[in-house]
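Presented below is the structure to which this report refers.
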Amino acid sequence: MARQLIDYDKEGQLLVPDRPAIGFIEGDGTGPDIWRAARLVLEAAVEKAYGHSRNIDWVELWAGEKAFAKTGHYLPAETVEEISRLKVAIKGPLTTPVGGGFRSINVTLRQDLDLYACIRPVSWIKGVPSPVRKPWLVDMVVFRENTEDVYAGIEWPAGSAQARELIDFMNRKFKTKLSPETAIGIKPMSAQGSSRLVRRAIDYALRHNKSSVTLVHKGNIQKYTEGAFRDWGYAVAEQEYAGLVAREGVAGPGQMVIKDRIADNMFQQILLRPDEFSVLAMPNLNGDYMSDALAAQVGGLGMAPGANVGDHAAVFEATHGSAPKYAGQDKVNPGSVILSGEMMLRHIGWDEAADLIVPAIAGAIETGMVTYDLARQIPGAREIGCLAFAEQIVKIVKALA
């Protein structure tokens, strides 16, 4: 039987069949454990919501260490092509070495598929341990630009011929005073890349009745990259959303606010005044830091979902690392992949199934039987394995009205 493929209509809206083919990448390290658990929950939610009228046709894709063992490549070209064909995929964590070694598979996927928006909703689930006193005030969605900034990977090691040639040119042409032994990296940021990210953030905020979009940048120092991101963001709001969006201090009744904050100040604000912010839009590096700092307030990366979305494909993913020392131990929290799956269900328009997942996770935590990362922080909790935690969530999904 031919697979039923997701597609886009002329307006860019998803066309989703009743049995859509969706790709999955298990991931490295703990990936197989948490994917097995997450799949159980996602399938239970779909069955509870739709009976047998809808289900997902899972298509395994190869990436990471499993792909290398089978094909000799960490990211086979066929995997990228298949995600492009399927339009939607979900993945576990993939290992990226620090310093040398192969390039980040995650970054390569984002760039090859032009998944320019990394979207990370951050909100507290009742019962999850938190280091802050009022974690329920944290309810933000981070839109992180995904293809530019220092993550473009344009850099050369200190002492290399390329670095020395560029340094020599800059010292002669632009009168810089760089040492010949300096490492060099380029930080590209464009009007197109910044504008489409902010546009997607504003569209999301308007569609979900959010109060504001905040442009987070370091434009006071990096005036022509981060500062330009701010200016391009305001230009999008003022030129394309006139009447709907207005700057802070000017917005009238019914208008959504667009404002900006310096990145280092914003780290303070998400701790001291989290309820004043809703949707955050920012360049790549800022978004990486900020989304992790926010996740720490609501239970850590083990409970943090994420999506990489472009105009033609979307990949949902665990936001944490592969934790190889726990591989195969059925130990780690599957929450990040489960919640990323919840985002995926909403992306394809299956909100009835998505609506079951967060209440079921909260219910599972309330039983006091949780994975080790939660058990060590919840007084009186009993530690259970990854799969057992997922089974507990499934039991509650089935019992929900």
Side-chain angles (χ1 to χ4, degrees), residues 27-38 40-42 92-93 120-142 267-275 277 288-306 317-343 356-397 399-400:
D28 298 329
T30 58
D33 285 350
I34 61 176
W35 167 245
R36 189 182 308 115
L40 209 64
V41 174
L42 298 179
R120 294 188 177 179
V122 186
S123 60
W124 183 66
I125 295 176
K126 186 177 180 181
V128 175
S130 169
V132 298
R133 290 192 303 166
K134 298 179 179 179
W136 54 88
L137 296 180
V138 179
D139 185 11
M140 300 179 215
V141 183
V142 174
F267 274 103
Q268 178 177 230
Q269 296 303 309
I270 62 174
L271 285 167
L272 300 180
R273 300 181 177 183
D275 52 332
F277 302 93
D288 198 358
Y289 294 156
M290 195 72 63
S291 56
D292 281 16
L294 279 167
Q297 297 184 54
V298 296
L301 291 179
M303 298 294 292
E317 65 178 357
T319 58
H320 55 73
S322 58
K325 71 177 182 177
Y326 295 124
Q329 296 182 28
D330 187 39
K331 186 177 180 71
V332 300
N333 189 338
S336 181
V337 181
I338 294 171
L339 290 168
S340 296
E342 187 260 3
M343 290 181 71
L356 298 169
I357 291 176
V358 171
I361 292 175
I365 293 170
E366 191 176 2
T367 68
M369 295 185 291
V370 293
T371 50
Y372 88 100
D373 60 312
L374 300 176
R376 61 194 174 91
Q377 301 180 71
I378 301 175
R382 180 163 69 88
E383 180 182 328
I384 59 176
C386 175
L387 189 59
F389 185 55
E391 289 170 343
Q392 184 85 334
I393 297 170
V394 167
K395 183 179 178 181
I396 295 170
V397 164
L400 289 172

Open item on the list: Does Q329 have more than 12 heavy atoms from other residues, nucleotides or ligands lying within 6.0 Å of its CD?
Closed with: yes
- [ ] If a pair satisfies side-chain hydrogen bond (donor to acceptor under 3.5 Å, both in side chains) and one of its residues is in residues 120-135, list it, with sequence neighbours excluded.
- [x] R120-S291, R120-D292
TODO: Apply ring-ring contact (aromatic ring centres under 6.0 Å, His included) to Y326 and list each qualifying residue two or more places apart in sequence or on a separate chain.
DONE: Y372
TODO: Using salt bridge (Lys or Arg N to Asp or Glu O under 4.0 Å) as the criterion, list what pairs up with E342, not counting sequence neighbours.
DONE: R346
Task: Euclidean distance, F389 CZ relative to I338 CD1, rounded to 0.5 Å - done: 6.5 Å
TODO: Report yes if the side chains of I361 and V128 come closer than 4.5 Å at any heavy-atom pair, otherwise no.
DONE: no
Open item on the list: I need the Y289 OH to L294 CG distance, nearest 0.5 Å.
Closed with: 15.0 Å
TODO: Look up atom CD1 in I396 and atom CD in E391, then write down how far apart they are to the nearest 0.5 Å.
DONE: 12.5 Å
Task: Where P129 and I378 come nearest, the two heavy atoms and their spacing - done: CG-CG1, 3.5 Å
Task: Donor-acceptor under 3.5 Å (D28 side chain, S322 main chain) - done: no
Task: salt bridge (Lys or Arg N to Asp or Glu O under 4.0 Å) partners for D373, two or more places apart - done: none
Open item on the list: To the nearest 0.5 Å, what is the distance between CD1 on I34 and CZ on R36?
Closed with: 10.5 Å
- [ ] Let me see the working for L374 and N333 under side-chain contact (heavy atoms from CB on, under 4.5 Å), right down to the final yes or no.
- [x] CA-CA 8 Å; L374 300 176; N333 189 338; 3.8 Å; yes
TODO: Could you tell me whether the side chain of V132 reaches within less than 4.5 Å of the side chain of L271, counting heavy atoms only?
DONE: yes
Open item on the list: To the nearest 0.5 Å, what is the distance between CD1 on I357 and CD1 on I125?
Closed with: 10.0 Å
Open item on the list: For a quick test of reading the model, state the closest non-hydrogen atom pair linking A37 to L387 and the distance between them.
Closed with: CA-CD1, 4.3 Å
Open item on the list: Is it the case that the side chain of T371 and the backbone of G385 share a donor-acceptor pair, with hydrogens and angles ignored and the cut-off at 3.5 Å?
Closed with: no
TODO: Please identify each residue that fulfils side chain to side chain contact (heavy atoms under 4.5 Å, CB included) with P131, with sequence neighbours left out.
DONE: none
- [ ] For residues L301 and A295, report the shortest heavy-atom separation together with the two atoms involved.
- [x] CD2-CB, 3.9 Å
- [ ] Grab the two heavy atoms, one from M303 and one from I365, that are nearest each other, plus how far apart they are.
- [x] CE-CD1, 4.4 Å
TODO: For E383, check salt bridge (Lys or Arg N to Asp or Glu O under 4.0 Å) against everything at least two apart and list the hits.
DONE: K331
TODO: Measure across V298 and P135 and return the closest heavy-atom pair with its distance rounded to 0.1 Å.
DONE: CG1-O, 4.2 Å
Open item on the list: Side chains of V122 and V141, heavy atoms from C-beta outward: is any pair under 4.5 Å?
Closed with: no
Open item on the list: List the residues meeting side chain to side chain contact (heavy atoms under 4.5 Å, CB included) with A327, not counting sequence neighbours, and say none if there are none.
Closed with: none
Open item on the list: For V370 versus A375, what's the shortest heavy-atom pair and its separation?
Closed with: CG2-N, 3.5 Å
TODO: Quick one: which residue pairs count as a salt bridge (charged side-chain N to carboxylate O under 4.0 Å, His left out) with a foot in residues 295-306, not counting sequence neighbours?
DONE: none
Open item on the list: Under the rule for side chain to side chain donor-acceptor pair (under 3.5 Å), what residues qualify as partners of Q392, not counting sequence neighbours?
Closed with: T367
Task: Side-chain touch S336/P305, heavy atoms, less than 4.5 angstrom - done: no
- [ ] Starting at CG of L400, measure out to NZ of K395 and round the result to the nearest 0.5 Å.
- [x] 13.0 Å
Open item on the list: Please check this pair: side chain of D275 against backbone of L137, looking for a donor-acceptor N/O pair closer than 3.5 Å.
Closed with: no
TODO: Mind checking salt bridge (Lys or Arg N to Asp or Glu O under 4.0 Å) for D288 and listing every partner two or more places apart, or none if nothing turns up?
DONE: R144
